[in-house]
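Taking it in order: structure first as structure tokens, then the write-up.
In what follows, residues are counted from 1 in the order of the sequence shown.
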Amino acid sequence: MPATATLLNQRYGAEHATPALDNPIIEHLLNHRSLRSYADRPLPPGTLETLVAAAQSAATSSNLQAWSVIEVRDPRRRARLAALANNQAHIVQAPLFLVWLADFSRAQRIADTQDIQLQAPAYFDSLLVGSIDAALAAQNAVIAAEALGLGTVYIGALRNDLQAVIDELQLPPLVYPVFGLCVGYAATQTAIKPRLPQAVTVHRDTYQVDPQQEPRLIRQYEALAAEFSQAQGQDTPPWREQVINRLKDESALHGRERIAATLNAQRLALR
């Protein structure tokens, strides 16, 4: 079986593995998995610069390049950030920890040279622009890291106490941390996590849901996800329950319900 087909089977399960064009880059993308256990092994010189070059090669809205990244080196600062992010030990353990930022402060500094106060960063669309720019850049960095034999995991929990992270990193107005990223060599092997079948996520021309097919496909996916969790030694609830628990009320946001107020204080998303 071609490598692409094997990876598709792992991603969707054999029953829902869709055909895909066979290509080394496609194989590389399909092989992605999150890594939460890192070996005590230094990265090759030039790793950070390589990842940033890949990141800066991503698309950017209107060429604003409205993002920045912080390499957090200080072990004590990493420990404080880990405490703010549900005590995720890999933030301290990984040889490289990056915080990706939506950043309009650089644009304002450019405008300051002409005594211009930028108005657009206060609008919600600019928040989207900066966040999407940061996400596209970070994903390019992840792909580059995996091409170098490294593993990664995103840290969205940095947003649990956004103001504390802003204070810890001494971020100026018009900047906010979108997420963190751990990078390093794997201490243990991880498996490819299954995803929903494409029949659930892909629509044609308009948004259309088959009220009979969708529940059936989601049940099948849930069984596949449960099998994956058991194989990984994880005691996780059924996928549908995870979705509902994560979204049913603000208690599951773990502090992220305060994000809007914090962004407003950073002069972002005011309008």
Side-chain angles (χ1 to χ4, degrees), residues 1-37 54 58-59 88 90 128 131-132 134-157 178-179 181-183 186-249 252-253:
M1 181 181 293
T4 299
T6 300
L7 293 167
L8 287 167
N9 283 349
Q10 293 177 66
R11 186 64 74 192
Y12 295 117
E15 183 178 353
H16 296 294
T18 56
L21 301 178
D22 199 18
N23 177 279
I25 295 177
I26 302 301
E27 290 178 18
H28 177 77
L29 294 170
L30 293 173
N31 199 40
H32 170 75
R33 69 280 308 274
S34 294
L35 179 65
R36 294 179 174 86
S37 181
Q88 296 185 63
H90 34 279
L128 290 177
S131 302
I132 293 169
L136 293 173
Q139 186 61 15
N140 258 27
V142 165
I143 294 167
E146 291 174 343
L148 296 172
L150 302 170
T152 66
V153 66
Y154 285 105
I155 308 294
V178 186
F179 44 69
L181 183 71
C182 297
V183 183
T188 57
Q189 293 299 314
T190 58
I192 293 175
K193 182 176 287 188
R195 293 288 195 252
L196 287 166
Q198 291 188 15
V200 172
T201 59
V202 178
H203 304 265
R204 300 289 193 274
D205 291 321
T206 61
Y207 195 98
Q208 302 177 30
V209 175
D210 185 327
Q212 294 182 327
Q213 176 175 256
E214 184 180 67
R216 177 179 61 81
L217 293 175
I218 288 177
R219 285 194 300 271
Q220 291 176 355
Y221 166 73
E222 192 170 64
L224 184 64
E227 182 180 326
F228 170 85
S229 295
Q230 291 168 6
Q232 299 301 302
Q234 300 169 348
D235 184 18
T236 56
W239 182 75
R240 285 171 293 179
E241 185 177 332
Q242 293 178 52
V243 171
I244 292 170
N245 288 342
R246 175 64 178 80
L247 299 173
K248 68 180 178 180
D249 57 47
L253 294 174

Passes side-chain contact (heavy atoms from CB on, under 4.5 Å), Glu214 versus Leu217? Steps please. CA-CA 5 Å; Glu214 184 180 67; Leu217 293 175; 5.9 Å; no

Asn31 and Arg33: CA distance, side-chain angles, deciding distance, side chain to side chain donor-acceptor pair (under 3.5 Å) verdict: CA-CA 7 Å; Asn31 199 40; Arg33 69 280 308 274; 2.9 Å; yes

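With rounding to the nearest 0.5 angstrom, the CZ atom of Arg195 is 11.5 Å from the CG atom of Leu224. Rounded to the nearest 0.5 angstrom, Ser229 OG and Gln242 CD are separated by 6.5 Å. To the nearest 0.5 angstrom, Leu21 atom CG is 7.5 Å from Ile26 atom CD1. Atoms CG and CD, from Leu29 and Gln139 in turn, are 8.0 Å apart once rounded to the nearest 0.5 Å. We find the NZ-CD distance between Lys193 and Gln232 to be 9.0 Å, quoted to the nearest 0.5 Å. Taking CG of Leu253 as the reference point, atom CZ of Arg246 lies at 5.5 Å (rounded to 0.5 Å).
In terms of modelled atom types and a separation under 3.5 Å, the side chain of His28 and the main chain of Ile143 share a donor-acceptor contact. Between the side chain of Asn245 and the backbone N or O of Glu241 there is at least one donor-acceptor pair closer than 3.5 Å. The main-chain N or O of Glu222 is never found under 3.5 Å from a side-chain atom of Arg240 such that the two would form a donor-acceptor pair. Although no hydrogens or angles enter the test, the distance criterion places a donor-acceptor pair under 3.5 Å between the side chain of Tyr221 and the main chain of Pro194. Without hydrogens or angle criteria, Gln208 side chain to His203 main chain gives no donor-acceptor distance under 3.5 Å.
The shortest distance between side-chain heavy atoms of Asn23 and Thr4 does not fall below 4.5 Å. Looking at heavy atoms from C-beta onward, Val142 lies in side-chain contact with His32 at the 4.5 angstrom threshold. By the 4.5 Å heavy-atom criterion applied to side chains, Phe179 and Ile155 are not counted as neighbours.
Taking every heavy atom of both residues into account, Leu35 and Gly151 meet most closely at CD2-CA, 3.6 Å. Taking each heavy atom of Val178 and Ala134 in turn, the nearest pair found is CG2-CB, 4.0 Å. Pairing each heavy atom of Ala145 with each of Val183, the nearest pair is CB-CG1, 4.2 Å. Across all non-hydrogen atoms, the minimal contact from Thr188 to Ser37 is OG1-CB, 3.8 Å.
The environment of Gln189 atom CD is sparse: at most 12 non-hydrogen atoms of other residues, nucleotides or ligands sit within 6.0 angstrom. Few gaps surround CG on Leu247; more than 12 heavy atoms of other groups in view lie less than 6.0 Å from it.
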